[in-house]
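Working notes, beginning with the structure itself.
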Amino acid sequence: MKKIGIYGGTFDPIHHAHLILAREALESLQLDEVVFVLAAQSPHKSNWRPAACEVRWEMLTAALAGERGFTASRLELDRPLPSYSIETVEQMRAQNPAAVFYFLLGEDNLPKLDSWHRFAELRQLVQFIVLDRSGMEVEFPYPAIRRKIDISATTIRNRVASGQSIRYLVPEAVERIIRRENLYQGRKQSNPKS
């Protein structure tokens with residue numbers, strides 16, 4: 001039976017913490033693949049506008065190039081807004097009816113998880129796995145992949161805005177796209193951790 005991890009997010013930008021924890025989940029849960037699902041706009045962060053979808057898609061696919069077991073999905077980009085996780089899971093289940101699905105989510109999403117659209121149905125369709133990079137010994141209601149990694153998209157965007165290096169925080173291909181597109185210039189941002 002195929003085991004698929006679903007890792008959704010705005011990935012603005014995708015960075016090494018995302019990739020490290022996804023690899024850890026792939027290996028420790030013995031998943032066949034982790035599908036990175038790029039969100040056009042998070043319904044829970046509606047007051048914040050990420051970089052253009054196509055640029056984030058380019059960064060995501062560049063970061064995953066050559067990475068065994070990682071794939072990228074446009075399911076949420078290609079649906080009208082708002083796009084919800086339950087719809088993504090239903091589409092993926094229709095494509096892989098015999099698969100078991102694991103939904104990978106950052107620990108920062110847990111406080112609002114039960115408010116997600118059609119949450120009761122979603123939790124019947126997936127096994128939630130918490131990706132915890134906080135380094136704190138916290139009990140979660142779901143299994144967790146833990147590794148202290150102090151990298152966030154907000155920090156990366158702020159470093160770019162301040163003219164600081166982001167080397168070693170994102171894959172080189174992602175950094176090249178950020179520089180080429182002049183992303184994250186201007187004032188610092190205080191978007192929640194991502």
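Note that the numbering runs from 1 along the sequence shown for the chain. Computed from a prediction, not measured in an experiment: that's the story for all the values here.
- Summarising the geometry, atom OG belonging to Ser28 is positioned 3.0 Å from atom CD1 belonging to Ile145; distances are rounded to the nearest 0.5 Å.
- Interatomic distance, Glu121 CD to Ile86 CD1, rounded to the nearest 0.5 Å: 5.5 Å.
- Across all non-hydrogen atoms, the minimal contact from Ala63 to Pro171 is CB-CG, 3.9 Å.
- Residues Ala72 and Thr61 come closest through the heavy atom pair CB-CG2, 4.2 Å.
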Please lay out, stage by stage, how Glu67 and Leu19 fare under the test side-chain contact (heavy atoms from CB on, under 4.5 Å). CA-CA 10 Å; Glu67 289 291 328; Leu19 299 169; 5.7 Å; no
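- The stretch residues 131-154 participates, sequence neighbours left out, in these ring pair (Phe, Tyr, Trp, His ring centres under 6.0 Å) pairs: Phe128-Tyr142.
- Summarising the geometry, atom CG belonging to Leu122 is positioned 11.5 Å from atom CG belonging to Asp114; distances are rounded to the nearest 0.5 Å.
- When the shell of 6.0 Å around CG of Asp78 is examined, it contains more than 12 heavy atoms from other residues, nucleotides or ligands.
- In this structure, a donor-acceptor pair under 3.5 Å is present between the side chains of Thr88 and Arg79.
- A distance-only check finds no donor-acceptor pair linking the side chain of Arg56 to the backbone of Asp12 [under 3.5 Å].
- Across all non-hydrogen atoms, the minimal contact from Ser73 to Val35 is CB-CG1, 3.6 Å.
- No more than 12 heavy atoms of other residues, nucleotides or ligands shown are found within 6.0 angstrom of CD on Glu172.
- By the rule that hydrophobic residues join a cluster once side-chain heavy atoms approach within less than 4.5 Å of another member, Tyr168 and Ile20 end up as members of separate clusters.
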As a quick check of understanding, evaluate side-chain contact (heavy atoms from CB on, under 4.5 Å) for Arg159 and Thr155, giving each step before the final call. CA-CA 6 Å; Arg159 289 181 68 84; Thr155 299; 4.0 Å; yes
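- Partner Tyr84 forms a side-chain contact (heavy atoms from CB on, under 4.5 Å) with one of Glu90, His117, Arg118, Glu76 and no other, that one being His117.
- Here the closest non-hydrogen pair linking Leu38 and Thr10 is CD1-O, 3.2 Å.
- Lys2 places no side-chain N or O within 3.5 Å of a backbone atom of Asn96 that could act as its donor or acceptor partner.
- The salt bridge (charged side-chain N to carboxylate O under 4.0 Å, His left out) test applied to Glu54 returns Arg74, not counting sequence neighbours.
- Remark: the backbone N or O of Asn158 is paired with a side-chain donor or acceptor of Ser162 at under 3.5 angstrom.
- For the atom pair CD1 (Ile6) and CE (Met92), the distance works out to 4.5 Å, reported to the nearest 0.5 Å.
- The aromatic rings of His15 and His18 sit parallel, their planes meeting at an angle under 30°, below the 60° perpendicular limit.
- Residues Arg157 and Pro13 are in side-chain contact: their nearest non-hydrogen atoms beyond the backbone lie under 4.5 Å apart.
- Crowding of Gln95 atom CD: a count of heavy atoms from other residues, nucleotides or ligands under 6.0 Å exceeding 12.
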What do the steps show when you test Glu107 against Ser134 for side chain to side chain donor-acceptor pair (under 3.5 Å), and what is the final call? CA-CA 8 Å; Glu107 83 282 350; Ser134 71; 4.8 Å; no
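- Annotation for Leu104 and Tyr7: closest pair O-CD1, 3.8 Å, computed over non-hydrogen atoms.
- Atom CG of Leu26 and atom OH of Tyr102 lie 12.0 Å apart (nearest 0.5 Å).
- Here the straight-line distance linking atom CZ of Phe101 with atom CZ of Arg93 works out to 6.5 Å at 0.5 Å rounding.
- Among the candidates Lys148, Arg147, Arg146, the single residue satisfying the salt bridge (charged side-chain N to carboxylate O under 4.0 Å, His left out) test with Asp132 is Arg146.
- Annotation for Phe11 and Val37: closest pair CE1-O, 3.8 Å, computed over non-hydrogen atoms.
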Please list, one pair per line, the donor and acceptor atoms closer than 3.5 Å that link side chains of residues 173-182 to other protein atoms, with sequence neighbours excluded.
residue : atom : partner : partner atom : Å
Arg180  : NH1  : Glu58   : OE2          : 3.0
Arg180  : NH2  : Glu58   : OE1          : 2.7
Arg180  : NH2  : Glu58   : OE2          : 3.2

As a quick check of understanding, evaluate side-chain contact (heavy atoms from CB on, under 4.5 Å) for Leu183 and Met59, giving each step before the final call. CA-CA 11 Å; Leu183 298 178; Met59 288 190 288; 3.9 Å; yes
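- With Asp32 contributing its side chain and Ile4 its backbone, the two residues share no donor-acceptor pair below 3.5 Å.
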side-chain contact (heavy atoms from CB on, under 4.5 Å), that's the test. Do Arg123 and Phe103 meet it? Break it down for me. CA-CA 9 Å; Arg123 72 177 175 192; Phe103 197 95; over 6 Å; no
